[in-house]
Colleague: 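One structure coming up, written as structure tokens, with questions to follow.
These numbers come from a predicted model, not from an experiment. Order of the sequence lines sets the chain letters (A, B, ...), proteins ahead of strands, with each chain counted from 1.
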Amino acid sequence: MLDKAKDAVIDREFKLVGSRPVRPDGVDKVTGRARFGADISAPGMLVGKVLRSPHAHARIHSIDIHAALQVPGVKAVVTRDDFAENAKHKDVLCNVMARDKALYEGHAVAAVAATSAAAARKALKLIKIDYDILPHVTDVDEAMRDDAPLLHDDMITSGVDPAPEKPSNVARRFEFGHGDVDDGFAKADVVIEREFKTEAAHQAYIEPHACLASLTEDGHGELFCCTQGHYAVRDICASLCGLEVSKLRVTASEIGGGFGGKTTVFLEPLALVLSRKTGRPVKMVMSRDEVFRASGPTASTSSSIKIGATRDGRITAGQGEFRYQGGAFTGSPVQFGAMCAFACYALDNVKTVGYDVVTNRPKQAAYRAPGAPMAAFAVESVIEELAVKLGIDPIEFRLKNAAQEGDKSSYGPTFPRIGLIETLEAAKAHEHYSAPLGPNQGRGVASGYWFNFGGATSVSLNIHPDGTVALVVGTPDIGGSRASMTLMAAEELGIPYDKVNCIVADTASLGLNETSHGSRVTFASGLATIEAARNAKTEMCARAAMIWEISEEAVTWEDGHAKPAGANAGDFEPMSLADIAKIAEKTGGPISGHFEKNPAGAGASFATHIVDVEVDPETGRVEVKRFTAVQDAGKAIHPSYVEGQFQGGAVQGVGWALNEEYVYGPDGKMQNAGFLDYRVPVCSDLPMIDTVIVEVPNPGHPYGVRGVGETGIVPPMAAVANALSAAAGVRMTELPMSPPKVLRAIDDTRPSIAAE
Amino acid sequence: MSQIHVSTTINGDPAEFLCEPDETLLDVLRDRLGLTGSKEGCGSGDCGACSVTVDDRLVCSCLMLGAEADGRDIGTIEGLAEGEHLHPLQRKFLDHAALQCGVCTPGFLVAAKALLDHNPDPSETEVRYWLAGNLCRCTGYDKIVRAVLDTAAEMKGA
Ligand code: FES
Ligand code: FES
């Protein structure tokens, strides 16, 4: 069954899929016409602003808003008192508006709506808050200590048997694996053990969070916001604001980057409640400073890795302990980290343990393959070190141990058809892998894994009388997905690309759609698009059958036309989609195709990256000289946007590897909340990013698609560390590998100049 | 504080507005004139999403006061295409898929146009350094650099 589906995918010849047409929303985006979160206004609109805690950890005794309300132009102030307790979204509520304590610097404590930004700002200064400052902790290892300041008095670690008696900052414990690692290490000829640390990185989308809300006294709401998931925004906001889901219509604006960071709510509930209080629309936009301090970066982590292998290069055991802090609330992605850590390898003995820890930092949000990059940095660094120690080529070493179809994954399930080996082979064969290197240069390799995800999906497709097609999806387009959806619909219907127009519907106009995350859009909305098109084709065949007065089974769809299925069916001139659409009114009314599902079988994507770096031994600066990203896409629908995902992921990984970090002062406050000091890679830092698209079809998708959005950020940090090790003979175990750290490591290897 | 009356030229057309003395040109463009093509990514001169030209000089409009636009010639993304004809840079950005989310795109296009106006035949390195003030978090810059180089090649041939 599985094999049949696979072959069907492989055998298929595509007419449009795999081509590179201009995206449907392209002209709007190059002319400045596209409307992003902050780009629309409403008549009578007020401006909303948020007051944030200046303290990393403080009890809030009282909030006095009287003076603020006296400011001319100020229409309303909201605080914790404006939001009822909410058991279902307790943490989200507490993050949106602090309850009894401010849990991190930047935590929202009040919000104002006024007729001008100046009036709102003035009012914020006049809100008096009586804080009782508490000791704080921002480091994951310190937060786990017995004497650490406690964030939540009632936090009892889950996943531990018997349950601990005392509260701690450890929210959850996870364990995965199989076999017996002690036995495995006993069989090893070489065992390497290392400790690693990674700092928090922000998704750093260029568009700050923004929304425009309007909520009437009788509970009718409209919300326009930049989000990866407007259905999720709707459901959470309805719950927090006490609204009926059907009365809150959320429209997703064009979104200026998300990478996981725009999958939750921050401003939206505040804007809605301010709007209800004032009877006017309220617009709220975060500053960049607020984006850094108050929206979610990813977790910072520490981990301990131990891997053993035999002399001939077979890994006998892998073990990892991962400690991730996810800010002030439970929910760091440590579970995913522990699951993905060894997923590239077929191991008899593997064990990973994860601890989800809370600290006085902003609540983490998902960031591209959440949790996996940090674990891969640690594991892939040790893998490379083992290969070097054993004198085996690093790609060869990975090939000897690579997971493939039928292997039991390190976290439980057995792998279906996957493409890791193909990415390794492609990397090995790539000209880059054997190209000569210059002085102070080194080459590194790393592989990475991400699960990918399906999730609730609903798509509608309407056939218009003029023979064009409206494709209605519910997944915000975060990187060109309208182009791939259009390609799939046109391919399936057998009509030209430009006869299909894809839009992203609001929450009232289409059934539930899970957020654009988990690399799910091209897979899940794509699958639903193809199925919706198939349903429309069935209906069009039925219409043709009616016209020809033959049975529906006697009609088939080919090359954009309904045709008699065979000679016995009769001799009729094929009818095109346009022919059928034109007279649809006379054959039964409008024609549409619809499809809803929670598709399984997302199909994991593996990647292998090769990177060359050059290290300046005088300054410790590391420059990426060449980068090749090889990844399995299953089937690339629009190859340019697939390459774009590989390149974007790779460069985010380079930033995380070399520069990006949250820097905290002893006061628990972020020291670098701006793009000058939180340094994302710029154009002049980088070479071109070469890509190789490997296509091992995913049997779970009609065209073989695997999501490609996330895996690309998993290998780069280890690949850079491995290259740096080859270039300068230093093994960096802490991210970012910024110049001072690299220089110190290099200096440590030099004979000391004792006497001066 | 009373508002300041400003007379300026935007994308070739005369424009007048009142603004607060401390209001940035970016806020004026977006909030008073409805020209929301210029984006605010940082408000501190670090991302280039708000790039405009002022008398043909490339400027971060978040770092300039609205009042300073008086008597100047401002160019924004909205003025890049001529009628229904896209500027070659706009076309090449589409052909090369040099945008993913597209929020950085207006800034990159304005900056790239300023580059090609100054230097019609830039090397890859020159493109990379000229555009180093524009952040793109989605693309890794590869396709953006290719689109700019390809535009330069095409315009030279024309
Ligand atoms: S908004 Fe002006 S440089 Fe970022
Ligand atoms: S395309 Fe998204 S920031 Fe450049």
Colleague: Is a side-chain donor or acceptor of Y141(B) paired with a backbone partner of P681(A) at a separation under 3.5 angstrom?
Modeller: yes
Colleague: Pick one of side chain, backbone, both or neither for L686(A), based on which atoms fall under 4.5 Å of a heavy atom in chain B.
Modeller: both
Colleague: Examine whether an atom of T31(A) lies under 4.5 Å from a heavy atom of chain B, and if so say whether it belongs to the side chain, the backbone or both; otherwise answer neither.
Modeller: both
Colleague: Against chain B, label S640(A) side chain, backbone, both or neither, depending on which of its atoms sit under 4.5 Å from a heavy atom there.
Modeller: both
Colleague: To the closest 0.5 Å, what do you measure between CG (D46(B)) and CG (D677(A))?
Modeller: 8.0 Å
Colleague: Could you look at P21(A) and say if it's the side chain, the backbone, both or neither that has a heavy atom under 4.5 Å from chain B?
Modeller: neither
Colleague: Between I206(A) and chain B, with a heavy-atom cut-off of 4.5 Å, which part of the residue counts as in contact: side chain, backbone, both or neither?
Modeller: both
Colleague: At a 4.5 Å cut-off on heavy atoms, which part of Q652(A) comes close to chain B: side chain, backbone, both, or neither?
Modeller: both
Colleague: Taking G644(A)'s backbone N and O only, do any of them form a donor-acceptor pair with Q100(B)'s side chain (distance below 3.5 Å, no angle check)?
Modeller: yes
Colleague: Under a 4.0 Å threshold between the charged nitrogen and the carboxylate oxygen, would R20(A) count as salt-bridged to D95(B)?
Modeller: no
Colleague: If I measure from the heavy atoms of chain A, does L109(B) come under 4.5 Å with its side chain, its backbone, both, or neither?
Modeller: side chain
Colleague: Checking side chain to side chain contact (heavy atoms under 4.5 Å, CB included) against D142(B), which of V651(A), T691(A), I689(A) comes through?
Modeller: I689(A)
Colleague: Looking at C138(B), G45(B), P106(B), which has the largest count of heavy-atom pairs under 4.5 Å with chain A?
Modeller: C138(B)
Colleague: Measuring heavy-atom distances to chain A, does E124(B) have an atom under 4.5 Å in its side chain, in its backbone, in both, or in neither?
Modeller: side chain
Colleague: Can N134(B) and C683(A) be said to form a side-chain contact (heavy atoms from CB on, under 4.5 Å), step by step?
Modeller: CA-CA 8 Å; N134(B) 291 77; C683(A) 203; over 6 Å; no
Colleague: Does any heavy atom of chain B fall under 4.5 Å from the side chain of V285(A), the backbone, both, or neither of them?
Modeller: neither
Colleague: Go through V145(B), T76(B), I77(B), L94(B) and name the one with the most non-hydrogen pairs under 4.5 angstrom from chain A.
Modeller: L94(B)
Colleague: Heavy atoms only: give me the nearest G102(B)-F36(A) pair and the separation to one decimal.
Modeller: C-CZ, 3.7 Å
Colleague: CE/M45(A) to CG/D31(B) distance, rounded to the nearest 0.5 angstrom?
Modeller: 7.0 Å
Colleague: Quick check for you: to the nearest 0.5 Å, what is the distance between C104(B) atom SG and K29(A) atom NZ?
Modeller: 11.0 Å
Colleague: Please classify the contact of L86(B) with chain A as side chain, backbone, both or neither, using a heavy-atom distance under 4.5 Å.
Modeller: side chain
Colleague: Could you measure the distance from the CD1 atom of I40(A) to the OG1 atom of T36(B)? Nearest 0.5 Å is fine.
Modeller: 10.0 Å
Colleague: Judged by atom type as modelled, is there a donor-acceptor pair below 3.5 Å linking the side chain of Q90(B) to the main-chain atoms of V30(A)?
Modeller: yes
Colleague: Report which part of Y129(B) has an atom under 4.5 Å of a heavy atom belonging to chain A: side chain, backbone, both, or neither.
Modeller: both
Colleague: For V682(A), which atoms come within 4.5 Å of any heavy atom of chain B: side chain, backbone, both, or neither?
Modeller: both
Colleague: Checking salt bridge (Lys or Arg N to Asp or Glu O under 4.0 Å) for the pair R30(B)/D39(A): CA distance, chi angles, key distance, verdict?
Modeller: CA-CA 8 Å; R30(B) 290 181 53 83; D39(A) 293 343; 2.7 Å; yes
Colleague: Name the member of A650(A), G649(A), P687(A) that forms the most heavy-atom pairs with chain B at distances under 4.5 Å.
Modeller: P687(A)
Colleague: Which atoms of Q203(A) are under 4.5 Å from chain B, going by heavy atoms: the side chain, the backbone, both sets, or neither?
Modeller: backbone
Colleague: A483(A) versus chain B, heavy atoms under 4.5 Å apart: side chain, backbone, both or neither?
Modeller: neither
Colleague: Would one find more than 12 heavy atoms of other residues, nucleotides or ligands at under 6.0 Å from atom OH of Y497(A)?
Modeller: yes
Colleague: Pick one of side chain, backbone, both or neither for F627(A), based on which atoms fall under 4.5 Å of a heavy atom in chain B.
Modeller: neither
Colleague: Measure the spacing between SG of C101(B) and CZ of F259(A) and express it to the nearest 0.5 Å.
Modeller: 6.0 Å
Colleague: Quick check for you: to the nearest 0.5 Å, what is the distance between Y641(A) atom OH and K143(B) atom NZ?
Modeller: 9.0 Å
Colleague: With a 4.0 Å cut-off on N to O distance, would you call R137(B) and E660(A) a salt bridge?
Modeller: yes
Colleague: For L99(B) and R23(A), which heavy atoms make the closest approach, and how far apart are they?
Modeller: O-NH1, 2.8 Å
Colleague: Where the side chain of R288(A) meets the backbone of G41(B), is there a donor-acceptor pair that is under 3.5 Å apart?
Modeller: yes
Colleague: Heavy-atom cut-off 4.5 Å, strictly under: side chain, backbone, both or neither for T139(B) against chain A?
Modeller: backbone
Colleague: Checking R91(B) against chain A: side chain, backbone, both or neither under 4.5 Å from a heavy atom?
Modeller: neither
Colleague: Which atoms of A34(A) are under 4.5 Å from chain B, going by heavy atoms: the side chain, the backbone, both sets, or neither?
Modeller: backbone
